[in-house]
Amino acid sequence: MTTVPPPAAPVPEPISPVQAAALRDGVLPPVEEVRPGIWTLAVPFRFGVPDATLVYVVEGTDGALAVIDPGWSADGSLDELRDALVSVGRRLEDVSLVAVTHLHADHLGAAAAIRAQTGARVAMHRLEVEALRREWADAVANDADIATWGLPEELRAGVVDAWGSGRRIGLGRTSEPYADLFLDDGDALPIAGRTIRALWTPGHTAGHLCFVDEADGLLFTGDHVLPRINSGIGLGGRTATNPLGDYLSSLGRLDVYADLEVCPGHEYRFRDVVGRAKTLALHREERSRHVARALDALHEPTLFEVAARVPFSGGIESMTGFLLASALTQTAYHAALLGRSAEIRPA
Ligand SMILES: [Zn+2]
């Protein structure tokens, strides 16, 4: 069947002319000072879309540097970060903390290399470390789910390769999963003279954190809220809760930060996080309606048959591997949120 994509939602304007120009020209944006002693730079990520991560560097009053989401390092080299720090008169050796929003390789990837080269402590939510340690067990458990989805035979192997036991475990890691410091909701990052607090925002992954710097008027959102991309849901291993429900609650947690400038993990900085969160929540409501309509129309469908009626951008017919797995799991989360999981027949 043909599907009609939903009308394009409005997206926020970039704050920074250099980030906007870089995006238009398809190049990495240059280092930029966001606030006195707070810089952003971009690090390439060669394994997926988006293909660059925005990294933030925060200087304490003692001169020590904290890095929020160091991005990806293919081989342990830290050239972009080192060069960026030199360009603003600082040194890689001054990094004493790496704070990570979530476990994905394009955010956490370079943490181990920085730690090895500088002795910096790595800080993240406990759930992310647990998910990384469970990665293989989760992938094997996913195989059993995939077998029930009713996938056409020719698509199944690609989904197992991307989502199940065929997936690359440990992509972007050069050491065992670890953290020197677990961050809980409300914890302040150990940066001298600044108060930047962790805000637990599960959904994209179970232990996703945003970081709130009210004094500087900044909200670091990782992949929880991006200016143009709809964040993926439930991409941090298996959870006991519905990641979609978690995500919607986490969007609601941003309501009190309407005045802060948003520093996301990709694309560009923008304002009006509340407006953007509302757009993202509306997108989810719309998708829930499509899943409900599919369930109304079909008798004992498989998950694949339900998902085939949801107008994912590009259409499910064009999807394979990771994208297809993500579309199917999202469909399952929507059905669960509607209280209608039982209507889907395991194949
Ligand atoms: Zn990301």
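Note that ligands are numbered from 1 as they come in the structure, with each ligand's atoms numbered from 1 the same way.
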Once rounded to 10 degrees, what value does the angle at the Zn ion (ligand 1) take between OD2 (D223) and NE2 (H266)?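 Seen from the Zn ion (ligand 1), OD2 and NE2 are separated by roughly 120°.
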Whether the H204 and S231 side chains hold a donor-acceptor pair (N or O, under 3.5 Å, no angle test) is what I'd like checked. no
If the threshold is 4.0 Å, N to carboxylate O, is there a salt bridge linking R126 and D184?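 Answer for the salt bridge query: no.
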Min side-chain heavy-atom separation T331-F312 under 4.5 Å: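 In short, these two side chains touch, coming nearer than 4.5 Å.
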Of all pairs that satisfy salt bridge (Lys or Arg N to Asp or Glu O under 4.0 Å), the ones with a partner from residues 211-221, not counting sequence neighbours: R194-D216
Quick check: of its N, O or S atoms, which one does D106 have closest to the Zn ion (ligand 1)?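 Nearest N/O/S atom of D106: OD2.
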Residue H102, metal the Zn ion (ligand 1), N/O/S under 2.8 Å: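 False for H102.
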